[in-house]
Amino acid sequence: MIPHVYIEDLAPFDGQKVTLRGWLYHKRSSGKVRFVVVRDGTGIMQCVASLADVGEKIFESIDALTQESSLTVTGTVRAEPRAPGGYEMRLESLSVIQIAEEYPITPKEHGTAFLMDHRHLWIRSRRQHAILRVRHAVVKAIRDFFDERKFTLFDPPIFTPAACEGTSTLFATDYFGEKAYLTQSGQLYGEAGCMAFGKIYTFGPTFRAEQSKTRRHLTEFWMVEPEVAFLDLEGAMELAEDVIVFVIARVLESRMEELKTLERDVSLLERIKKPFPRITYTEAIDLLKKSGHDVEWGADFGGDEETTISSRFDQPVMVHRFPAAIKAFYMKRDPDDDRLALGFDMLAPEGRGEIIGGSQREDDLNNLVARIREHDLPPEAFEWFLDLRRYGSVPHAGFGLGLERTVGWIAGAQHVRETIPFPRMMSRLRP
RNA sequence: UCCGGAGUAGCUCAGCGGUAGAGCGGGUGGCUGUUAACCACUAGGCCGGGGGUUCGAAUCCCUCCUCCGGAGCCA
């Protein structure tokens, strides 16, 4: 019985006869030799057929193969320095499952609009395949990190009755005659979770109807949001630092092959170590002024400002204690300076921008009620949230980590649209 | 929403007032070690839509549509 093997598991089969099942990635011919390059979802293998070995009939079926035709090939695996990947197969037999129609994605260059229209096929290509495997490794690492620390997974709802930061950026849907919105954050529910379980994390899709068309924005993106009772701002920053260090180490350990395919400079990832630099918002403003930016204390950072700050460090940098006026209503004020909120952002290196935003939450009932009023939010929508401050309120903190931005940074993908199988953007709902 | 850029062959683009082009991909043939193979031949066009200027428009003008990059906002 000839074993069916995946290409990534081939090494122990050197010298043995195996069967691969997959798709034609590419082929080349040279007179009486045919090179059949097969991909099977785990790797790519070059199979060599010579007329003398396989005969006319198999040769003809090779010639009939089109790009992405499905097939099985059987032959002997052997180390071969001339082959990409270091192994090749001396082909003995081949059977065609389906001859593919003319495949739209050719080995030559294509524009992004065309590739996005064919996203369902584009994900078969080497680069997209590698990025999505890195995404899987990042997700797995995040889950392992929180699971090992005994956080409880706490899935928040997707439908929500009201905004947690205003309705302008929410997608509205009709919920049996009532207006419901797609969640833009699971945080408020996460706060309820941490009061029940001590430490929880949410992990799911979130939605923002922002009209942003940049390399950092999706309308549907995944977020991880840990929320911990009895944690303060400093504790939240340490947790954020730990999760990033853990994730990077895991990806370097398990996805080196993919990072090589992506031509990622892994030395930039290998040097990521605790502790990450921490600077206050006020220090960041000084730094920006010295770098020639025209910014005043009290303004929020734009993309250029974030790039300037993060380019000063070769580690992710955490900026903390922002002006309360530019931050969300639920952040606790700094007891040492009422103008400041106990929030922080983590900016990834290489000009990647914000990947984490977090804070210590307001735990005093009266302060929180006042904040909801100041922000013009409908108080009745937050009654259940206020209950968390009525029944055993404690200091607590958490953050949100944007999955696609994190994957984009680690994989070195230029645009977040490459970091999710089917990206949803302002002008992209299909396929 | 605002600012900038682009829509010409299946794809990537050139042509910018006077007969519609190239490379890749497709098809046919050749080649015994190719690496996005190579060589020869070949088919393939509503020049984004509409309106105008002109003897003549892919080319100039107006308008609409679509996409791309960025800003604001954010993960």
Measure from NE2 on A/H217 to C1' on B/A71 and round the result to the nearest Å.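 In whole Å, B/A71 C1' and A/H217 NE2 are 11 Å from each other.
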
Expressed as a whole number of angstroms, how long is the span from A/K213:NZ to B/G4:P? 13 Å

So do the side chains of A/Y330 and A/H375 get within less than 4.5 Å of each other, counting heavy atoms only?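 Result no, sub-4.5 Å side-chain heavy-atom pair not found.
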
Just one of A/F146, A/F203, A/F145 clears the ring-ring contact (aromatic ring centres under 6.0 Å, His included) bar with A/F151, so which one?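 Of the listed options, the one satisfying the test is A/F146.
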
Would a line drawn from the ring center of A/Y281 to the ring center of A/F301 be shorter than 6.0 Å? yes

Counting only Watson-Crick and G-U wobble pairs with both atom distances below 3.5 Å, the stems of 3 or more consecutive pairs that include RNA chain B are B:1-7 with B:65-71, B:10-13 with B:21-24, B:26-30 with B:38-42, B:48-52 with B:60-64

Tell me whether the OP1 or OP2 atom of B/G10 has a side-chain N or O from A/H110 closer than 4.0 Å.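 Looking at the OP1 and OP2 atoms of B/G10, neither is under 4.0 Å from any side-chain N or O of A/H110.
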
Does B/A75 have its OP1 or OP2 closer than 4.0 Å to a side-chain nitrogen or oxygen of A/R215?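 No.
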
Salt bridge or not between [X] and [Y]? Use side-chain N to carboxylate O under 4.0 Å.
X	Y	answer
A/R124	A/E68	yes
A/K273	A/E241	no
A/D40	A/R21	no

Say you pick atom C1' in B/A58 and the same atom in B/G18; how far apart are they, in whole Å?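 Pairwise C1' distance, B/A58 against B/G18, rounds to 13 Å.
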
State whether the aromatic ring of A/F35 stacks on the base of B/G33, taking stacking to mean ring centres under 5.5 Å apart and ring planes under 30° to each other.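 Not stacked: fails the 5.5 Å / 30° test.
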
Taking the nucleotide of RNA chain B with the closest heavy atom to each, which residue, A/T112 or A/T219, is nearer the 5' end? A/T112

Look at all strands and tell whether A/D300 reaches a base, only sugar-phosphate, or nothing, counting heavy atoms closer than 4.0 Å.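 If one applies the 4.0 Å heavy-atom cut-off, A/D300 turns out to touch the sugar-phosphate alone, with no base involved.
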
Quiz item: A/E88 side-chain donor-acceptor pair to B/G33 base, under 3.5 Å: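 Flag set: donor-acceptor pair detected.
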
